[in-house]
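Can you keep this structure in mind? I'll have questions shortly.
All heavy atoms count here, side chains included; hydrogens, waters and symmetry mates do not.
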Amino acid sequence: MVSRRPRRRSIRLEAGSVTHVGRIRDVNQDDVVYTDDVFVVADGMGGHRGGEVASTVATVAVVEGFVGPDRAALVRAVRQANRAVLQRAAEDPDLSGMGTTLCVLAVVDGPGGQGGPDALAVVNIGDSRVYRLDAGGLVRVSDDHSLVADLVRAGELTAEEAAVHPQRNILTRALGIEADPTVDSWELSPARGDRYLLCSDGLFNELGDARIAELLGDGPAQEVASRLVAEAVAEGGHDNVTVLVVEVVEGPEVPSGGRPPIPEARPERATGPVRSRPAGDDPRATVRTTVGSVAAVVIAVALVLSLYARQGWFIGDDEGDVAVFRGRASGILWFDPAFVEGGDLRVALLDDSTRAAVVETIPVGTLDEARRLIEGFRTHLRDPAPRDPDPSDPDSSDQ
Ligand code: MG
């Protein structure tokens with residue numbers, strides 16, 4: 001049992017939360033946990049039970065591991081959560097490859113140390129988000145660690161394009177991927193009436209900022225959380241939806257000169273080789289990149305894209321021949337799939353259903369699987385047909 005700091009706080013927070021499986025998925029891999037002064041949302045990923053376990057292990061580890069007093073201690077608690085996820089995955093092969101996003105808000109000692117005014121610390125990794133609604137409107141505190149967010153920062157995509165991009169689920173950072181991940185952190189001055197929103201992507205992929213701001217400002221925290229989730233589910237509920245609303249109910253007034261802008265994130269950098277690992281059969285992949293400048297962003301994005309674009313194999317039509325390709329049938333941005341082999345079986349010779357499937361493209365896991373399938377195609381061609389059709393030799397056949 002971890003005892004909390006027995007000290008008087010200069011602020012008091014009230015919170016409400018809801019998590020919902022949504023309308024498409026079978027399992028809720030999000031998790032939300034909070035105490036009087038620590039508030040956490042996580043969105044897990046990984047096949048089987050992995051995502052659920054990863055998000056729960058991480059939220060519990062942060063809440064138990066954070067005993068103050070400051071922002072640096074909160075970062076340490078998140079790093080501890082990362083180790084907890086990795087350790088759990090190492091203990092159970094079913095959980096191998098699991099990971100999770102995590103965002104956390106906590107009351108910490110302000111710049112004056114203990115006894116001075118309190119501050120709020122935020123730590124984030126992944127693409128769950130922290131927003132603040134104050135008198136000036138809704139502002140986003142956290143930055144997404146995702147492929148499309150990197151592309152927006154590099155000027156390759158607009159925010160509007162990113163919001164609907166088919167690869168917007170690809171993360172560049174998460175917990176459970178490597179020993180020492182880079183996490184972002186902030187220290188903010190609280191003011192009475194501020195409302196913070198911590199949420200998974202299932203919320204903001206359904207609702208725009210204007211609607212989020214409208215709902216967030218209206219009613220007690222728990223009611224607000226319920227309405228936000230209900231509306232995201234009604235709008236489609238394509239993913240799990242989790243919302244945690246935290247209001248500063250006692251604290252200093254907004255300074256008469258207004259608020260300073262939200263500061264830039266303080267990235268707690270880790271160093272290490274770039275590596276990638278698809279997260280089981282989850283539609284997301286997580287890829288680690290080290291990013292330091294615009295040039296590094298562009299290089300990292302190109303690398304991430306090429307790793308992602310080259311995952312997988314498929315059978316398709318190469319100018320009338322059945323062929324095996326490396327990559328993804330749709331291609332991704334400027335990466336086209338690469339021809340691997342083919343040329344000895346004409347698509348026109350395939351039976352109708354096989355021909356349609358090949359033209360549509362058939363994704364496969366390995367080159368061997370592709371070769372086995374193509375050998376199978378030869379056993380039910382439209383007619384006993386020659387491998388290399390030659391009208392002068394109607395008996396030649398590869399059967
Ligand atoms: Mg999600």
Side-chain angles (χ1 to χ4, degrees), residues 9-18 32 34 36-43 62 70-71 74-75 78 101-111 117-145 149 159 183-201 203-205 207-225 227-229 232 241-267:
R9 284 288 180 202
S10 66
I11 61 173
R12 190 169 68 81
L13 307 178
E14 273 182 12
S17 75
V18 174
V32 52
Y34 63 93
D36 286 345
D37 55 7
V38 188
F39 306 85
V40 195
V41 165
D43 176 352
V62 168
D70 54 14
R71 182 192 59 84
L74 189 62
V75 170
V78 173
T101 74
L102 186 136
C103 59
V104 51
L105 172 82
V107 183
V108 295
D109 289 348
D118 291 318
L120 292 171
V122 170
V123 177
N124 179 60
I125 180 164
D127 70 349
S128 297
R129 287 184 184 172
V130 180
Y131 294 87
R132 183 174 77 192
L133 182 72
D134 57 30
L138 186 73
V139 282
R140 175 127 70 89
V141 176
S142 61
D143 305 312
D144 295 346
H145 303 139
V183 301
D184 289 347
S185 74
W186 295 260
E187 192 168 305
L188 306 168
S189 305
R192 192 165 69 229
D194 285 350
R195 283 189 174 192
Y196 287 86
L197 168 66
L198 288 75
C199 62
S200 63
D201 63 339
L203 180 76
F204 57 79
N205 283 336
L207 303 185
D209 282 0
R211 186 60 183 152
I212 289 174
E214 220 166 27
L215 291 169
L216 187 56
D218 185 23
Q222 184 59 49
E223 276 178 32
V224 167
R227 281 193 217 118
L228 281 164
V229 169
V241 189
T242 300
V243 163
L244 172 54
V245 176
V246 184
E247 178 172 1
V248 182
V249 292
E250 286 174 22
E253 296 290 337
V254 176
S256 54
R259 312 294 291 273
I262 302 281
E264 293 274 302
R266 285 200 228 179

Q. Hey, are Asp43 and Ser128 close enough side-chain-wise for a donor-acceptor pair under 3.5 Å?
A.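 Ser128 vs Asp43: no donor-acceptor pair found between side chains.
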(Q) Has Arg227 got a side-chain atom pairing as donor or acceptor with Asp218's backbone, closer than 3.5 angstrom? (A)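 Yes; judged by distance alone, with no hydrogens or angles, the pair exists.
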(Q) Just so I know, are the side chains of Val229 and Thr242 near enough to count as touching, which here means a heavy-atom distance under 4.5 Å? (A) no
**Q.** Close side-chain approach of Arg129 to Leu203, heavy-atom, < 4.5 Å
**A.** no
**Q.** Which atom of Val243 lies closest to which atom of Leu228, heavy atoms considered
**A.** CG1-CD1, 3.9 Å
Q: Report yes or no: does Asn124 contribute a side-chain atom to a donor-acceptor pair with the main-chain N or O of Asp143 at less than 3.5 Å?
A: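 Looks like yes, one N/O pair under 3.5 Å.
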Q) Are any non-hydrogen side-chain atoms of Val108 and Leu120 less than 4.5 angstrom apart? A)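 Answer no - side chains too far apart.
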Q | Glu250 bridged to Arg192 by N-O distance under 4.0 Å | A | no
Q.
When you compare the side chain of Val104 with that of Phe39, does any pair of heavy atoms fall below 4.5 Å?
A.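 Side chain of Phe39 against side chain of Val104, heavy atoms only: no contact under 4.5 Å found.
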Q.
I'd like to know if the side chain of Arg259 and the backbone of Gly136 have a donor-acceptor N/O pair within less than 3.5 Å.
A. no
Q | Any donor-acceptor pair under 3.5 Å from Arg140 side chain to Ser142 backbone | A |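 Pair found, side chain donor or acceptor close to backbone of Ser142.
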Q: Take Val183 and Val75 through the side-chain contact (heavy atoms from CB on, under 4.5 Å) test and state the conclusion after the steps.
A: CA-CA 8 Å; Val183 301; Val75 170; 3.9 Å; yes
Q: Could you check His145 against Ile125 for side-chain contact (heavy atoms from CB on, under 4.5 Å), going step by step and ending with a plain yes or no?
A: CA-CA 7 Å; His145 303 139; Ile125 180 164; 4.2 Å; yes
Q: Salt-bridge test for Asp184 and Arg266: reply yes if a basic N is under 4.0 Å from a carboxylate O, no otherwise.
A: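 No, this pair does not count.
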Q) Taking it one step at a time, do Leu198 and Leu105 satisfy side-chain contact (heavy atoms from CB on, under 4.5 Å)? A) CA-CA 8 Å; Leu198 288 75; Leu105 172 82; 4.2 Å; yes
Q: Compare all side-chain heavy atoms of Leu244 with those of Tyr34 and state whether any distance is below 4.5 angstrom.
A: yes
Q. Quick one: does Arg9's side chain get under 4.5 Å of Val107's, heavy atoms only?
A. yes
**Q.** CA sep, side-chain torsions, deciding dist, call: Thr101, Asp127, side chain to side chain donor-acceptor pair (under 3.5 Å)
**A.** CA-CA 6 Å; Thr101 74; Asp127 70 349; 4.9 Å; no
(Q) I'd like to know if the side chain of Gln222 reaches the main chain of Ser17, judged simply by a donor and an acceptor atom lying under 3.5 Å from each other, with no hydrogens or angles considered. (A) yes
Q.
Closer than 3.5 angstrom, by distance alone: can the side chain of Trp186 be matched with the main-chain N or O of Pro263 as a donor-acceptor pair?
A. yes
Q) Short question: side chain of Arg12, backbone of Val248 - any donor-acceptor pair under 3.5 Å? A)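 Such a contact is absent between Arg12 side chain and Val248 backbone.
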